[in-house]
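Structure, as structure tokens:
By convention in this document, chain letters (A, B, ...) are assigned in the order of the sequence lines, proteins followed by strands, and residues within each chain are numbered from 1.
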Amino acid sequence: MQELTTTRHNPFIDPFTSVWGWEIPVYLFLGGLVAGLMIITGYFILKGKHKNPDSIVHYVPFLSIIFLTIGMFTLFLDLNHKLFVWRLYTTFQITSPMSWGSWILLLVYPALIANILIDPPQILINTFNVVSKWSRVINSKESFMNNIGFLNIIFGILLGVYTGVLLSTMGARPLWNSSVLWLLFLVSGLSTAAAFGHMVAKDVDEREFLAKSDNIFLISEFVVIILMLVGLMSSSQAHIQSAQLLLGGPFTAPFWVFVVGMGIIVPLFIQLLAVNHKIKHTPVAPLLVITGGLVLRFVIVYAGQFSHYINAHFQ
Amino acid sequence: MARFGMVIDTRKCVGCMDCVVACKTENNVPEGYNRDWIVTTVNGKYPTLNLEIQSQRCNHCDNTPCVACCPTGASHIHDVGAVVLVEHNMCIGCKACLAACPYDARFIHPEGYADKCTFCIHRVEKGELPACVAVCPTHCMSFGDLDDPESDVSRLIVSRKNHQLLTEAGTSPRIYYLV
Ligand code: SF4
Ligand code: SF4
């Protein structure tokens, strides 16, 4: 028998850590979604799809910047010492993924803005005089386009990877300590982005392409989830117990029902039928994928905080 | 550079919580929050039980995940004694350090910044002992430089059987419990 009693009862720390509420999973989800959208639109630009006026390249970047700004706002809401937020930008802490993230976000914005300038929405043209001038400059040379596409892919990957690295470097939380968490968040970001693109695409070929890519992302996501669980289960007692939170423990139902079942397997099945022209494309599958991506962030953030080295002392 | 640490004799500690009260008074720790606390562990099977009382706080680890993850440099290692501190006016309250500490030694102060044990550095720099150590009625706590082989703490560590907490988390904690 082992029994442990403590007199500590610090808010959000005891009986188990819950320092991060809904704001962080929402931010990680939106960050992942925007990362995926940047990679996809960047790829489309490199493929010359911006020449097609119906391409998602013409309107998704503007939506991306809105999503990212909402994400940054929820991140800001999470801060307890808000007046000091500027301290993030008076230093660069090389060992801190959060510091990397705040600087990466500063690079992501210009890349997204350049992407928007390819075909700026009317509201921007009316509000800011320089917009149409810059848009003309950007559209004047194909090499500018290629650079924008390339930058969006690079910064999209950085953004997607960092959302996972942020958690996986926290040695104190065994569930997050997986070396494939960054990959999971990156492919999940790609699958939600492809689903979003699939839902809003006007061009039939693009929609078909995005549905097909989403299927590949969903299969990859499933494989990464299995790899992550296998990795944790073959590690130390604390890691095994953290994986058990998803394998019979309190987070099992939301994880397997909403993330894996409704978020990967069901939409994969629907989209396989759709791309084989057995059924029509509907927003059902993409909406399930997007919801699955959101629930994934919630489960990982909450279960990760719950996972603890102390638990390994108890059976 | 000195490396301050603590040695706590669990054979002397009676769990009276004087250290907890002393800390709250000395450091104005707000109501409902603790920088130090008492943990009682019971191991074994009745009637062969082993009870250990531990006065716990931030371990002022040698490997500090809480400092590494801090995006602003608010969490830092102090020049004196390598004590791990938080600069309140640099902290944005992101709580990364709370999530990164395997001992859950930190909390968010009601004013918004991350807070925790400072080894009473303001007293130590004046040549005094941390409040918890000074007040303990059973004298179960010792404080000093782990790098000085002649210090009380170093001598106790080599002469008595001891353990640290959650060493598997890999932070090299600097509080030792004598058993
Ligand atoms: S006990 Fe926690 S807060 Fe203290 S130095 Fe170690 S990791 Fe940091
Ligand atoms: S809460 Fe404050 S001390 Fe802790 S990591 Fe964030 S900025 Fe640094």
Examine whether an atom of [X] lies under 4.5 Å from a heavy atom of chain B, and if so say whether it belongs to the side chain, the backbone or both; otherwise answer neither.
| X | value |
| --- | --- |
| A:W100 | neither |
| A:H9 | both |
| A:T169 | neither |

**Asked** If you count heavy-atom pairs under 4.5 Å with chain B, which of A:P174, A:S99, A:P97 comes out on top?
**Response** A:S99
**Prompt:** If you count heavy-atom pairs under 4.5 Å between each of A:N10, A:T95, A:T91 and chain B, which one has the most?
**Reply:** A:N10
**Item:** B:F4 ring center near B:F143 ring center (under 6.0 Å)
**Value:** yes
**Asked** Under 6.0 Å between the ring centres of A:Y89 and A:W103?
**Response** yes
Test item: [X] and [Y] side chains (from C-beta on) under 4.5 Å apart, heavy atoms:
| X | Y | value |
| --- | --- | --- |
| B:E26 | B:H122 | yes |
| B:K161 | B:V179 | yes |
| B:V124 | B:P130 | yes |

**Prompt:** Of the listed residues (B:L49, B:T41, B:L165), which shares the most heavy-atom pairs with chain A below a 4.5 Å separation?
**Reply:** B:T41
**Prompt:** So which of B:C70, B:A74, B:G170 has the largest heavy-atom pair count under 4.5 angstrom toward chain A?
**Reply:** B:C70
**Request:** Report yes or no: do B:E125 and B:H78 form a side-chain donor-acceptor pair below 3.5 Å?
**Result:** yes
**Prompt:** Given that the side chain runs from C-beta out, which part of B:N89 has a heavy atom under 4.5 Å from chain A: side chain, backbone, both or neither?
**Reply:** both
**Prompt:** Is it the side chain or the backbone of B:Q56 that comes within 4.5 Å of chain A heavy atoms, both, or neither?
**Reply:** neither
**Message:** Any carboxylate oxygen within less than 4.0 angstrom of a Lys/Arg side-chain nitrogen, looking at B:R160 and B:D9?
**Reply:** yes
